[in-house]
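Whatever order the structure lists ligands and atoms in, that order sets their numbers, starting from 1. As a basis for the values below, the full set of heavy atoms in this structure was taken, side chains included, without hydrogen atoms, waters or symmetry mates.
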Amino acid sequence: MVLNKQRLEAELLIEGKNTDLPFRLHIFETVASTNKTVWKLLSQKPGSECVVIAAEQTAGRGQWGRQWVSQKDGLYLSLGFAPKLDINLGYQLTLATAWGIAEQFRKYGVDVEIKWPNDLVLDNRKLGGILTETKVNAGKITQAVIGVGINWKNPVPATGINLHSWQNRGNPIQISCLEKLAALVLLGIHSGIQCLEREGVNILLSRYIKLLSNMGDKVYVNDDFSGTVVGVTTTGNLHLHRSSADTLSGTPASIYLQPGTISLGYRKYKD
Ligand code: BTN
């Protein structure tokens, strides 16, 4: 189903109230990847902001070079803009986006949590993911594309969940159409980036951590050692406190894992 542009603009006006969202909106039936299309548009008009939404993707990109299966009836959305961040701080855009979108869902009674680093989870299953791509010039990130995939009505694997079936399992139906979902995601990205820019990364992290489903979990790293999740750093690394048996050997009590070095998996869930 192709999203209706006028309806999305109306939803943005209702939900965003006075929020100024200064981007051009492009809606497609099929693209290879909305991230790729945004990069192409940015190269034609450098310095601009744009949003691309597609009904399906034929070569959707996931984190760590994985494929993002993108059948019809999902939400596939990318936003391109010029953030001006230090080269090593690009991951903050993903943390900000994850927090902003999760917070928007929660305003609608959909208790989305974050699974480190970039998964949006509902009832311990994956509802969506975020892929941020950046370009660098003279030590600064000068362009970024934030891509978000959310399971709306599309089929999902056993560890996934789609919002439409969750709402139809006795949960209140607050997000009634794809246009409302897209508006909520755009406002979520906007509010996350605004929090990062105006309030700073430490405030953002304190909010992100409140929604982090992994806090307090025991994590085993390569059968070498284990630790408890105590937080996330400003570069997006997972902060573990090593178990006391490990620290007796004189190794540091804290360990930091970069995004992509381990997968935390999903907790057991009820059907
Ligand atoms: C993940 O692996 O969890 C991140 C998935 C991000 C998928 C979205 S869908 C819209 C945008 N376009 C892409 O090709 N990927 C992102």
Has the side chain of [X] got a donor or acceptor atom that lies under 3.5 Å from a matching backbone atom of [Y]?
| X | Y | answer |
| --- | --- | --- |
| W68 | Y76 | no |
| Q258 | N237 | no |
| N151 | K126 | yes |
| S78 | N35 | yes |

TODO: Please work out which of the three classes, parallel, tilted or perpendicular, describes the rings of H239 and H241, given edges at 30° and 60°.
DONE: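 H241 vs H239 ring planes: perpendicular.
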Mark up the atoms of ligand 1 that fall under 4.0 Å of a heavy atom belonging to [X], in ascending order.
| X | value |
| --- | --- |
| G60 | 14 (O) |
| S78 | 11 (C), 12 (N) |
| N118 | 1 (C), 3 (O), 4 (C) |

Task: Check against side-chain contact (heavy atoms from CB on, under 4.5 Å), I150 and L120 - done: CA-CA 8 Å; I150 304 280; L120 298 165; 3.8 Å; yes
How far is [atom] from its nearest protein heavy atom, and which residue and atom is that?
| atom | value |
| --- | --- |
| atom 9 (S) of ligand 1 | Q57 NE2, 3.4 Å |
| atom 2 (O) of ligand 1 | Q63 N, 2.8 Å |
| atom 5 (C) of ligand 1 | W68 CE3, 3.3 Å |
| atom 10 (C) of ligand 1 | T34 OG1, 3.2 Å |
| atom 15 (N) of ligand 1 | R61 O, 2.7 Å |

- [ ] Would you mind finding which of E133, R66, K126 brings a heavy atom closest to atom 3 (O) of ligand 1?
- [x]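 Answer by nearest heavy atom: K126.
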- [ ] Scan side-chain atoms only and decide if D123 and W166 contain a donor-acceptor pair under the 3.5 Å cut-off.
- [x] yes
